[in-house]
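Everything on this sheet refers to the single structure shown next.
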Amino acid sequence: MTILPLHQILPAIHWVQLVSDNARSPVYAKSFAKRPRLDQRDSKATNRWSSTTTPRTKQQKNMPTLTSSRDEKFVKNDWDKRMALGAQAIRLPVRQSSRRDMYDTSLLPKKISSAPVSPLVIPARQFSSQRKQLDQSQGLRIPIRQISQQCLLETEPSKERKSLNNHKKTTELLAQVLEDFSHMPIEEKGTRVTRQGGMLHRCQHQSRSTACDMIFAIFLPHSYDESSATTPALYYLSGLTCNDQNCSQKAGAFPHADAADLALVLPDTSPRGDGVANDDAYDLGQGAGFYINATQEPWKAHFQMESYIQKELPVVINENFPGINPALKSITGHSMGGHGALTLAFKSKLSGETDWKSVSVFAPICHPTACPWGKKAFENYFGSVEDGLAHDATELLKQLAKKSLLYDDILIDQGLDDEFLKDQLCLDDFETTATSVGQTVTIRRHEGMDHSYYFIAACVADHIDFHAKKLKSFS
Ligand SMILES: N[C@@H](CCC(=O)N[C@@H](CS)C(=O)NCC(=O)O)C(=O)O
């Protein structure tokens with residue numbers, strides 16, 4: 001599977017329109033100019049893909065398209081007019097409620113609901129002649145900015161309702177939110193990966209946390225239906241040297257996830273690109289983000305993987321895959337990704353911010369402040385090992401216990417022939433702490449198994465079942 005740059009994928013009109021939209025937004029214009037060339041990240045990129053040759057999946061069918069050059073002109077002129085009047089439009093996660101034209105605005109950031117002029121939520125995805133008529137009768141026309149499964153949130157100066165000054169304030173607020181929450185559209189190309197019809201999409205988007213383009217993959221089970229936000233998602237964090245493809249190609253997880261009606265989200269392990277700091281060693285820099293927010297030069301500009309996984313990626317997923325239930329997500333990971341899964345799950349409980357319903361791990365780095373991989377990472381990313389204590393699963397577990405926030409169970413698989421077990425993973429330290437603080441852990445130690453994806457493939461079905469059961473109990 002290849003990833004194509006946006007301009008090779010979207011029909012020309014969308015590209016032209018997107019660029020012109022972005023050019024009008026100082027925020028976008030600035031970040032867009034820095035956008036790294038995507039083909040530097042995937043040497044196999046081709047431009048063979050087009051919307052006509054791609055199998056149309058259930059979730060692609062309803063996407064709005066511009067059907068004629070007349071439409072194009074209408075959209076462009078209309079948009080120009082709106083922008084000249086000072087209108088601002090941004091994309092935000094907006095969940096459709098049961099009635100077709102009602103949108104649940106509770107997902108909008110608080111800043112927006114307190115805006116002096118209430119924003120209009122326009123279902124861009126459901127553009128249709130009926131919809132167009134409805135909106136025209138209300139004196140509103142829909143500017144379609146791009147194909148996407150998103151909504152436009154828009155304000156425009158209104159003669160009778162509010163003063164232009166109020167509108168300006170709202171516009172400023174929207175620009176701020178745009179900076180905080182909005183994303184460039186992702187590009188997606190689906191590949192059928194299960195016999196039942198489960199689809200793998202490899203997506204690329206401009207990340208605000210890591211200030212570079214990020215790639216992730218998402219597996220959607222055949223039961224996925226974009227018209228109802230019901231599918232739970234399991235995030236899988238990979239280990240050192242990996243990207244999204246190690247799991248998708250070697251873990252054999254998709255048939256199991258399909259049978260369990262579970263989506264799998266497979267993020268990258270670090271920011272990447274020419275402008276991103278790196279190191280020759282495999283355990284530092286690109287491919288070794290450790291799922292933390294670095295505070296030290298030269299790392300801090302891009303190595304913000306904690307924010308990316310904890311906050312930004314779930315928003316990107318919800319914006320673009322409306323059939324995923326944003327409230328039902330769990331986390332797992334391997335090795336460095338096991339450290340990521342444990343620490344992000346624990347930190348989210350402690351902060352009350354993101355809610356990972358369950359956590360499991362494969363051969364995790366359990367006590368990074370006590371092992372060479374972790375010490376090296378924390379010295380570089382934070383300036384000292386001590387500063388890494390707040391990012392150490394064994395340490396965090398003690399805090400979790402003090403606040404009575406323990407998980408009901410954590411599933412851990414570990415190969416006993418894993419070359420990293422003794423010096424790097426420190427499973428016994430974690431187990432001892434778990435026992436002393438009362439955290440239930442199901443630890444399964446496997447004779448003869450190593451650190452590889454053979455081991456993951458042998459255990460992955462149980463992890464999927466573990467999470468599917470937990471997630472079901474919350475739905
Ligand atoms: N010896 C390995 C160390 C890195 C390693 O073992 N990475 C694990 C995660 S910590 C992995 O999953 N590697 C990729 C794979 O097996 O596909 C190397 O130099 O690449």
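Since the model is a prediction, treat every value here as computed from it, not as a measurement. Numbers here are sequence positions counted from 1. Counting convention: from 1, in listed order, for ligands and their atoms alike.
Remark: atom 8 (C) of ligand 1 lies closer than 4.0 Å to at least one protein heavy atom.
Regarding atom 5 (C) of ligand 1, its nearest protein heavy-atom neighbour is Leu240 O, 3.9 Å. The closest protein non-hydrogen atom to atom 2 (C) of ligand 1 is Tyr282 CE1, 4.7 Å. Atom 20 (O) of ligand 1 has its closest protein heavy atom at Thr241 CG2, 3.6 Å.
Within the listing of ligand 1, atoms 10 (S) sit less than 4.0 angstrom from a heavy atom of Ser335. For ligand 1 and Lys250, the ligand atoms under 4.0 Å from any heavy atom of the residue are 15 (C), 16 (O), 17 (O). The atoms of ligand 1 that sit less than 4.0 Å from any heavy atom of Asn246 are 14 (C), 15 (C), 17 (O). Atoms of ligand 1 found under 4.0 Å from any heavy atom of Gly239, numbered from 1 in the order shown, are 9 (C). Of all atoms in ligand 1, numbered sequentially from 1 with element shown, those under 4.0 Å from a heavy atom of Cys242 are 11 (C), 12 (O), 13 (N), 14 (C).
Contact annotation: His451 has at least one heavy atom less than 4.0 Å from an atom of ligand 1.
What you find for Leu405 and Lys349 is that their closest heavy atoms are O-CD, 3.0 Å. Closest heavy-atom contact between Lys357 and Ala327: CE-O, 3.2 Å. Closest non-hydrogen pair, Ala468 versus Ala260, comes out as CB-CB, 3.8 Å.
Summarising the local packing, OH of Tyr282 is surrounded by more than 12 heavy atoms from other residues, nucleotides or ligands at distances under 6.0 Å.
The closest side-chain donor-acceptor pair between Ser360 and His463 falls under 3.5 angstrom. In this structure, a donor-acceptor pair under 3.5 Å is present between the side chains of Thr369 and Asp392. No side-chain N or O of Asn246 forms a donor-acceptor pair with one of Ser238 less than 3.5 Å apart.
Between Tyr453 and ligand 1, not a single N/O pair is under 3.5 Å apart. Considering backbone and side-chain N/O of Phe420, none are found under 3.5 Å from N/O of ligand 1.
Between Phe254 and Phe219, the two ring planes are parallel [angle under 30°; tilted spans 30° to 60°].
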